[in-house]
Amino acid sequence: MDKTISFRFFNVTRPQRSRHTFSQVLQQIGAIPRARDRERQLAVDYHVRAEIIESALGSIHGEITRIQRTNYPSEVEENGRRALRVRNPLGHGVVFRYLPGSNTLGMQYDARVLSPARFASYISNMIDGAIFEFEPIIRNDLWDQFNRSVVRKISIAIAQPTHLQAVDRGGAVAIAQSMKDLGEAYSAPKINIELSMGHSRGGLSETVKSMVRHFRTQAVRDQVEVTAIKARVQQEDDKPEDLDLLEDILATRERLELHDNDPEANYRIKLSALREKMNEWV
């Protein structure tokens with residue numbers, strides 16, 4: 001088990017067509033007595049259930065489990081390995097904490113287990129009419145610096161480029177189509193494209209900024225697996241500066257003293273760390 005845990009923070013928004021508040025939805029799910037009735041299948045071999053949902057003064061928090069029924073790891077013995085001796089499925093959990101007063105959600109970030117988009121999908125599958133969006137809380141200073149600067153170089157890396165959707169207009173049309181075509185032509189599971197001024201003066205076209213915003217939005221919404229967005233920018237006569245434009249999403253990483261085989265204790269440890277970080281950052 002990786003003991004380094006990432007947390008990200010979001011503003012929970014509710015479209016007008018949603019018939020519930022986020023607090024109501026969480027409480028309804030938490031009130032379902034049998035754990036198996038809180039399980040939903042979101043995709044092939046992708047089963048999720050709310051394991052714990054509880055309330056405290058000013059917050060609703062809990063843990064969501066992704067249930068693994070296939071592709072088990074092996075059991076390692078002194079002289080080799082053998083099939084894992086289990087009768088029940090395996091569980092991988094992420095903790096969350098929601099503050100109704102500010103509509104702020106803190107969540108353990110592990111997209112392999114449960115991404116924010118999958119969490120929202122689980123909620124809508126559990127409660128009819130429960131539609132919510134999680135907008136990341138961002139560091140405005142980094143994004144403001146990018147918008148004010150001349151862009152000298154942009155590097156974008158995409159995994160599974162054949163999953164890219166067509167873009168009808170805006171600065172991302174050409175690069176999105178190019179990545180998709182390259183992925184299909186050469187069966188490339190990952191593509192990195194770099195646009196640079198090289199040794200020439202000046203900067204790239206301003207439309208490059210709308211292209212960056214497009215891919216960052218897709219990364220935030222888990223629509224495309226964007227693995228990197230990096231820029232080299234320059235303001236007037238200052239020296240060029242390198243920016244990581246996925247780091248504007250407010251996030252923390254903590255190494256926790258988790259137990260090797262105690263899910264209840266680990267839940268409490270992770271929740272305590274999340275509470276501390278939300279008090280510090282949010």
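Only heavy atoms go into these numbers, but all of them, side chains included; no hydrogens, no water, no symmetry mates.
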Q: For atom NZ of K209, decide whether the heavy atoms of other residues, nucleotides or ligands shown that lie under 6.0 angstrom number more than 12.
A: yes
Q. In terms of side-chain heavy atoms, does Q108 have a donor or acceptor partner in K270 at a distance below 3.5 Å?
A. yes
Q) Nearest heavy-atom pair of R66 and V113: which atoms, and what distance? A) CD-O, 3.1 Å
Q) Which of parallel (below 30°), tilted (30 to 60°) and perpendicular (above 60°) describes F96 and F119? A) tilted
Q. Hey, what do you get for CG (N88) to CZ (R69), rounding to the nearest 0.5 Å?
A. 10.0 Å
(Q) Tell me whether R14 forms a cation-pi arrangement with F22, defined as NZ or CZ under 6.0 Å from the six-membered ring centre and within 45 degrees of its axis. (A) no
(Q) Both conditions, 6.0 Å and 45 degrees, for the charged tip of R253 above the ring of F7: are they met here? (A) no
(Q) Is it the case that over 12 heavy atoms from other parts of the model lie below 6.0 angstrom from the CD atom of E77? (A) yes
Q: Flag this pair as yes if the NZ/CZ of R213 is under 6.0 angstrom from the six-membered ring centre of W143 and inside a 45 degree cone about the axis; otherwise no.
A: no
Q.
Give me the atom names and distance for the closest heavy-atom approach of E51 to T65.
A. OE1-OG1, 3.0 Å
Q | Approximate separation, where rounding is to 0.5 Å, of D110 CG and S6 OG | A | 8.0 Å
Q: Establish whether L26 and V95 are linked, either directly or via other cluster members, by ILVMFWY side-chain heavy-atom contacts under 4.5 Å.
A: no
Q. Any idea which heavy atoms bring I29 and A50 closest together, and the distance?
A. CG2-CB, 3.8 Å
Q | CG-CD distance between N11 and E133, expressed to the nearest 0.5 angstrom | A | 12.0 Å
Q: Specify the closest pair of heavy atoms between G202 and R152, including all atoms of both residues, with the distance to one decimal.
A: O-NH1, 2.6 Å
(Q) According to a hydrophobic-cluster definition based on side-chain heavy atoms being under 4.5 Å apart (Ile, Leu, Val, Met, Phe, Trp, Tyr only), do I158 and V208 belong together? (A) yes
Q) Are side-chain N/O atoms of E241 and Q145 paired as donor and acceptor at under 3.5 Å? A) yes
Q) Quick check: are there more than 12 heavy atoms from other residues, nucleotides or ligands sitting under 6.0 Å from CZ of R82? A) yes
Q. Going hydrophobic residue to hydrophobic residue with side-chain gaps under 4.5 angstrom, can you get from I64 over to F10?
A. yes
Q) Counting distance only, does the side-chain N/O of D238 pair as donor-acceptor with the main-chain N or O of Q234 below 3.5 Å? A) no
Q.
If I take atom CD1 from residue I229 and atom CZ from residue F215, how far apart are they, to the nearest 0.5 angstrom?
A. 8.0 Å
Q. Could you state the interatomic distance from CZ (R232) to NZ (K239), rounded to the nearest 0.5 Å?
A. 12.5 Å
Q | Interatomic spacing from CD in E257 to CD1 in I269 - rounded to 0.5 Å | A | 8.0 Å
Q) Which atom pair, heavy atoms only, marks the closest approach of A56 to H61? A) CB-CE1, 3.6 Å
(Q) For D181 and Q177, which I'm curious about, is there any donor-acceptor pair between the side chains at under 3.5 Å? (A) yes
Q) Among side-chain atoms of S155 and N192, is any donor-acceptor pair under 3.5 angstrom? A) yes
Q) Are any side-chain N or O atoms of Q68 and backbone N or O atoms of N71, one a donor and one an acceptor, separated by less than 3.5 Å? A) yes
Q.
Under a plain distance cut-off of 3.5 Å, with no hydrogens placed, do T207 and S205 share a side-chain donor-acceptor pair?
A. yes
**Q.** For the student: nearest non-hydrogen atoms of P100 and S59, plus distance
**A.** CD-CA, 4.1 Å
